[in-house]
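Okay, structure first, notes after.
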Amino acid sequence: QVQLVESGGGLVQPGGSLRLSCAASGSIFSINAMGWYRQAPGKERELVATISSDGKPTYADSLEGRFTVSRDNAKNTVYLQLNSLKPEDTAVYYCNARILTFQKNWYTYWGQGTQVTVSS
């Protein structure tokens, strides 16, 4: 059994910042890529950022360099720093991870999501 638990969402004013965290726990042998997605009301889920096991990030082009993804492999945790937030960043943010379990099976797991609301 593997769980991904997100935290750090909330209400923030335009121009503000938030830091999201996602911790993986359970029957984990190793973790490959980890990532963040978001889903706004009435829209499809979209990729925000991913980070490889050796720390190489990739980002959605639309972010204009405002977000930063990082990870702490010792803690099985991925982070997303959100800066210069805009109302259009309002969405539920989900983390995911490609995990090799102790049973030596690869699965992609998702967190439950954390709400980010950008509003004055």
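- In this structure, Y37 has its ring center closer than 6.0 angstrom to the ring center of W110.
- In terms of heavy atoms, Y59 sits closest to T68 at OH-CA, 3.4 Å.
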So N83 and F67, side chain to side chain contact (heavy atoms under 4.5 Å, CB included) or not? Walk me through it.
CA-CA 6 Å; N83 296 327; F67 295 178; 5.8 Å; no
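- Between the side chain of Q1 and the main chain of S27, no donor-acceptor pair closer than 3.5 Å is present.
- Side-chain atoms of T90 and T117 include no donor-acceptor pair closer than 3.5 Å.
- If you check the side chains of D72 and T77, you find no donor sitting under 3.5 Å from an acceptor.
- Side-chain contact between L18 and V116 is present, with heavy atoms from C-beta onward closer than 4.5 Å.
- Checking side-chain atoms of T50 against main-chain N and O of G35 turns up no donor-acceptor pair under 3.5 Å.
- No cation-pi contact links R38 to Y94, judged by a cut-off of 6.0 Å to the six-membered ring centre and 45° from its axis.
- Under the 4.5 Å side-chain heavy-atom criterion for Ile, Leu, Val, Met, Phe, Trp and Tyr, M34 and W106 are members of distinct hydrophobic clusters.
- Formation of a donor-acceptor pair under 3.5 Å by the N32 side chain with backbone atoms of S52 is not found in this model.
- In terms of modelled atom types and a separation under 3.5 Å, the side chain of E6 and the main chain of C95 share a donor-acceptor contact.
- Checked by atom type, the side-chain pair Q81/S70 shows no donor-acceptor distance below 3.5 Å.
- For R71 and Y79, the positive end is not near the middle of the six-membered ring at less than 6.0 Å and at most 45° from its axis.
- T108 and R98 are linked by a side-chain donor-acceptor pair at a separation below 3.5 angstrom, with hydrogens and angles left out of the test.
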